[in-house]
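When a ligand or atom number is given, it counts from 1 through the structure's own listing order. In what follows, residues are counted from 1 in the order of the sequence shown.
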Amino acid sequence: MHPSPETLPADERDAPLRVLRETFGYEAFRGRQREVIDAVTGGRHALALMPTGGGKSLCYQIPALLRNGTAVVVSPLIALMRDQVEALRHYGVRAAYLNSAMDPRDRRECERALAAGELDLLYVAPERLLTDALLATLERIPLALFAIDEAHCVSQWGHDFRPEYMQLGQLAERFPHTPMVALTATADARTRSEILQRLLPAGAETFVASFDRPNIRYRVRLKERARQQLFEFIQDAHPGESGIVYCMTRRATEEVAAWLSERGVRAVPYHAGLSGETREFNQERFLREDGLIVVATVAFGMGIDKPDVRFVVHMDLPKSLEAYYQETGRAGRDGLPSDALLLYGSQDVYRVRAMLESSEADLRHKHAERQRLEALLGFCEQTGCRRQGLLAWFDEAHPGACGNCDNCLEPPETWDATEPARMVLSCIYRTGQRFGANHVIDVLLGSSADRIRRLGHDQLSTYGIGREYPRSVWQSIVRQLLAQGFIRPDPEGHGGLCLAEECRSLLRGERQLVLRRDTRSSRKKRARTGDGASAQIDPADRDDWEALRACRREIADAEGVPPYVVFHDATLLAMLQVRPATLEEMASVSGVGRHKLERYGEAFLRVFNG
Ligand code: ADP
Ligand code: ZN
């Protein structure tokens with residue numbers, strides 16, 4: 001363990017801390033940043049596994065500034081490269097990028113600056129790095145380090161595989177004396193060992209940070225009227241803030257975006273079926289405008305480095321808990337409170353179960369797939385701390401009671417549903433294991449529908465035995481029975497329900513079944529979800545907050561960069577607390593480094609001092 005940042009002397013000898021404070025304007029290192037920085041600055045190789053928003057960039061940017069020569073950063077995301085370089089220049093760091101999308105004049109200038117040793121950092125796409133010309137240049141100049149971002153792209157197993165990443169292994173042979181650091185937010189053991197094997201020289205140290213994202217509040221809600229729920233959630237908790245809404249289908253993204261727009265919520269769709277131009281345009285707007293919402297399929301997100309995404313909503317179940325973690329992880333990179341809301345209903349469970357029934361993959365794959373989907377359903381239905389459940393899937397122990405998930409904030413009621421569950425099972429059995437949930441519930445409720453009579457189901461012993469509970473309770477029971485695998489969709493895919501092996505013990509009365517009591521959303525409850533960044537602001541400070549944001553927007557527009565490149569929300573919030581009256585006081589605000597102080601200090605001071 002390294003000493004805690006507070007105990008470190010802030011004097012000249014502590015070079016990393018000095019750079020952190022003077023250049024980047026931050027007070028202390030987070031998590032394992034310091035250890036990675038020390039290893040790389042000391043010339044060693046490292047693998048850093050940190051969650052999104054964990055602060056991976058500083059792990060190579062600070063060594064880049066401390067070591068002699070240029071640091072070469074390999075990044076697969078061209079759009080992101082430009083923004084990162086822009087952000088670094090705003091810190092007064094000499095950074096540039098090379099990729100295939102840039103114009104030849106800029107490229108020649110960059111190559112000149114590189115050869116002249118004028119760059120602290122060079123960002124480059126992997127295929128460009130591996131050209132003979134560039135490698136030859138790099139052999140002639142002093143190199144501070146190689147940083148390989150999104151290092152999981154080397155894993156053929158994951159879904160972000162990039163063949164060029166396989167070639168990056170040759171760097172270690174060609175530049176044996178240059179330290180290398182690989183970084184990723186994908187933590188599973190297999191990806192980790194692939195990175196170590198394929199990218200890094202022997203002897204690299206591995207640093208694993210906690211994958212907890214404490215500022216993200218996880219919520220799973222019963223899907224009732226999904227769009228209305230989404231709209232009210234945005235209105236109540238995140239008015240005027242940026243967010244991502246994930247839908248399963250392309251059509252849904254367009255419909256939801258249009259529906260929101262009609263109601264005065266600015267939203268644009270994003271999916272792989274839109275033209276490249278439209279996609280780029282919408283993504284660009286999302287990065288640059290304050291408070292725009294993107295309604296997207298999972299095609300959106302990789303390479304979105306926007307720090308102030310305040311919420312991520314899933315209108316449908318994600319593919320897996322890994323996907324859920326990655327997608328929700330795009331919220332709150334800046335560390336400010338953010339929401340993750342998942343809407344989930346019987347249809348989602350049915351769909352997942354039906355997928356499991358029909359999966360034709362080979363057995364081993366099927367087993368893994370089954371576990372994955374079971375975990376996902378388990379997460380949705382669980383009554384304990386969601387954070388604990390989520391992290392457990394990544395083999396990280398969390399004590400629970402996080403205080404920042406729906407189950408911790410409003411502990412769900414549970415009830416002994418053994419008897420009614422047995423009624424459902426026996427009704428499914430007696431109706432021949434061919435009918436869907438609605439029909440089974442109709443029989444239990446003693447419906448007088450023609451269909452029931454025609455089929456003779458009004459003669460069954462289970463007819464009308466369930467009048468004690470309303471339909472919604474039966475729906476809840478059926479959903480949970482399905483989620484827990486006591487019942488399953490019929491294998492022919494006709495929409496019917498059958499009994500699963502697991503239900504025997506329940507039918508025999510050998511076990512008890514405790515279920516979650518579903519709650520319907522009510523306006524009163526919703527009002528309490530308001531937790532966005534702007535909700536943190538004292539009403540008395542609201543005008544100043546808006547003035548700070550306006551000041552930032554003006555500068556950003558003039559410079560043609562996204563507002564967060566000027567200052568993050570977290571920095572504006574800190575300013576609001578400090579209320580600096582002098583440049584010196586402004587310098588003490590977290591996120592205000594030397595360069596930004598010179599550039600913007602006066603403008604922001606005027607907000608407070610007229
Ligand atoms: P990652 O690449 O791991 O997703 P970033 O490097 O983009 O994360 O950092 C996430 C955010 O946290 C950025 O806004 C960054 O400026 C901020 N940050 C990183 N390290 C610190 C720190 N030690 N103190 C305060 N803010 C930090
Ligand atoms: Zn919790």
Only one of Phe300, Tyr564, Tyr270 passes ring pair (Phe, Tyr, Trp, His ring centres under 6.0 Å) with Phe286, and that residue is Phe300
Quick test of your reading of the model: are Asp14 and Arg18 salt-bridged, counting only N-O distances below 4.0 Å?
no
Contacts satisfying side-chain hydrogen bond (donor to acceptor under 3.5 Å, both in side chains) that involve residues 42-52 (not counting sequence neighbours) are Arg44-Glu205
My understanding is that only residues two or more places apart in sequence, or in another chain, count here; which of them pass salt bridge (charged side-chain N to carboxylate O under 4.0 Å, His left out) with Lys223?
Asp316, Asp348
Listing by chain and number, what protein N/O/S atoms are under 2.8 Å from the Zn ion (ligand 2)?
Cys385 SG, Cys402 SG, Cys405 SG, Cys408 SG
Strictly below 4.0 Å, N to O, side chains only: are Arg310 and Asp308 in salt-bridge contact?
no
Side-chain H-bond candidate by donor/acceptor type, Thr414 with Arg516, under 3.5 Å
no
Just by distance, with hydrogens left out, do Glu584 and Ser588 show a side-chain donor and acceptor under 3.5 Å apart?
no
Is the backbone N or O of Cys385 less than 3.5 Å from a side-chain atom of Gln382, with the two atoms forming a donor-acceptor pair by type?
yes
For ligand 1, list every N/O pair with the protein closer than 3.5 Å, one pair per line with the distance.
unit_1, atom_1, unit_2, atom_2, d
ligand 1, 3 (O), Gly54, N, 3.4
ligand 1, 3 (O), Gly55, N, 3.1
ligand 1, 3 (O), Lys56, N, 2.9
ligand 1, 3 (O), Lys56, NZ, 2.8
ligand 1, 4 (O), Gly53, N, 2.6
ligand 1, 4 (O), Arg333, NH1, 2.7
ligand 1, 6 (O), Lys56, N, 3.3
ligand 1, 6 (O), Ser57, N, 3.0
ligand 1, 6 (O), Ser57, OG, 2.6
ligand 1, 8 (O), Gly55, N, 3.2
ligand 1, 12 (O), Arg30, NH1, 3.1
ligand 1, 14 (O), His568, ND1, 3.0
ligand 1, 16 (O), Tyr26, OH, 2.7
ligand 1, 20 (N), Gln33, NE2, 2.9
ligand 1, 23 (N), Ala28, O, 2.8
ligand 1, 23 (N), Gln33, OE1, 3.1
ligand 1, 26 (N), Arg30, NH2, 3.2

side-chain hydrogen bond (donor to acceptor under 3.5 Å, both in side chains) test vs Ser155 passes for just one of Arg190, Arg192, Glu194, namely Glu194
